[in-house]
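First the proteins, then the strands, lettered A, B, ... as listed; each starts at 1.
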Amino acid sequence: MAISDIYETAFDEDVQQETTTNRCPECDGQVMTNTVETVCEDCGLVIDEQRIDLGPEWRSFDKEQRERTGAPLTVARHDRGLSTEIGRGIDAKGNGLSGRKRRQLGRLRREQTRGKWQSKAERNLAHGLGEVRRISSALGLSEAIRNQACALFRSAQSADLLLGRSIEGMAAGSVYGACRCNGLTRTLDDVSKVAQVDRPRVMNCYKTLNAELGLPARPVTPGMFVPRFASELEISDSVRRRAEALAEAAEDGQITTGVSPSGFAGACIYKAARECEQGLTQAQVVAVADVSPVTLRKHRNALMETY
DNA sequence: ACGATTATTGCGTTCTT
DNA sequence: AAGAAAACAATAATCGT
């Protein structure tokens with residue numbers, strides 16, 4: 001299982017865009033894989049979720065007992081036998097203790113508080129990882145990405161990045177960060193919506209992750225949105241290819257700087273569909289790209305002026 | 001706090017049936 | 001002719017710096 005090993009250690013070492021070449025099942029063309037989304041270069045077929053179940057489970061402790069679904073086992077684990085206090089000085093009958101006994105109890109107490117501390121950290125970890133899992137599955141992310149997000153969260157906790165921030169927020173930030181590192185087109189809005197954490201908080205967590213951990217996040221370009229929108233709108237391959245070409249050309253120019261990538265991608269698709277005389281209304285594009293009609297037109301006009 | 005981008009609203013125009 | 005869709009302008013809200 002060499003592939004899973006790569007993903008497991010991806011964050012510890014140096015996260016690379018893991019690209020492999022394969023053949024498309026439909027047209028036998030070249031397919032591009034960027035860790036999660038597998039897209040055929042020729043026919044545009046999206047072979048998604050291909051890597052489901054290939055990755056290892058996120059638990060690094062308790063290797064024997066692996067769990068595939070449901071809440072993490074750790075919720076049944078917290079405070080297990082650790083809420084006991086050890087008194088000092090006297091025994092159960094109120095009698096004094098020998099020095100040797102007192103020292104023994106002192107050692108026990110020290111170990112016990114250590115155990116408590118560990119338990120708290122583990123509880124936070126379990127909670128956060130549970131959130132990461134929930135958000136990831138709500139967004140339909142593959143297991144590889146989910147594992148990376150979990151690894152990110154663990155790193156965040158180890159680096160004491162959770163201080164003053166909510167666990168939920170950091171979980172959302174980890175998921176978003178994992179998406180950004182793999183060129184996935186999940187919006188900050190997408191994440192914050194399912195995570196029930198408002199956008200600024202998610203952004204704050206993501207930024208601190210980025211700053212402290214040095215994520216290899218790539219900037220989001222309009223072209224990255226085109227395949228997703230294309231399959232959601234069920235447009236033809238020729239239109240999709242034209243839209244991709246438009247997006248790429250625009251990225252080379254300076255038109256795309258400062259504008260929302262998703263909106264611009266929508267404009268590319270709209271213009272491409274219009275060129276090919278395909279019945280694609282603005283309303284449809286606007287719905288999937290989540291922008292207003294006026295910005296769609298604005299970008300399309302900018303596109304028409306230069307190309 | 002400021003400048004730029006985007007959303008919203010309203011209204012006259014164009015295309016289709 | 002009627003209705004839908006696209007276009008345009010102005011103002012409000014939002015975002016990034």
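No side-chain donor from either of A/Ser192 and A/Arg199 sits under 3.5 Å from a side-chain acceptor of the other.
The shortest side-chain heavy-atom distance between A/Phe264 and A/Leu303 falls under the 4.5 Å cut-off. You'll find the side chain of A/Ile145 stays beyond 4.5 Å of the side chain of A/Ser136, heavy atoms only.
Rounded to whole Å, atom P of C/dA5 lies 11 Å from atom OH of A/Tyr270. A/Gln284 has its CD atom 12 Å from the C1' atom of C/dA5, to the nearest Å. The nearest whole Å value for the distance from the CZ atom in A/Phe264 to the P atom in B/dT5 is 13 Å. Between A/Lys298 atom NZ and C/dA6 atom C1' there is a gap of 18 Å when expressed in whole angstrom units. To the nearest angstrom, P of C/dA5 lies 15 Å from CG of A/Leu296. Distance CZ (A/Arg274) to P (C/dA5): 12 Å, rounded to an integer number of Å. Atom-to-atom, CD of A/Gln282 to P of C/dA4 comes out at 16 Å; the value is rounded to the nearest Å. Atom CG in A/Leu188 sits about 16 Å away from atom P in C/dT14, given to the nearest Å.
Nearest nucleotide to the A/Arg199 side chain, out of C/dC15, B/dT6, B/dA7: C/dC15. Candidate nucleotides C/dC8, B/dT6, C/dA6 were compared by shortest atom distance to the side chain of A/Asn301, and C/dC8 ranks first.
The main-chain N or O of A/Glu143 is found under 3.5 Å from a side-chain atom of A/Asn147 such that the two form a donor-acceptor pair. Counting only distance, with no hydrogens or angles, the side chain of A/Asn204 and the backbone of A/Arg201 share no donor-acceptor pair below 3.5 Å.
Contact annotation: A/Arg300 side-chain N/O to C/dA6 OP1/OP2 distance is not under 4.0 Å. In terms of phosphate contacts, A/His299 brings a side-chain nitrogen or oxygen within less than 4.0 Å of OP1 or OP2 of B/dT6.
A/Val294 comes within 4.0 angstrom of a nucleotide base, judged by non-hydrogen atoms across all strands. The residue A/Thr295 sits close only to the backbone: its heavy atoms come under 4.0 Å of sugar-phosphate atoms, none of a base.
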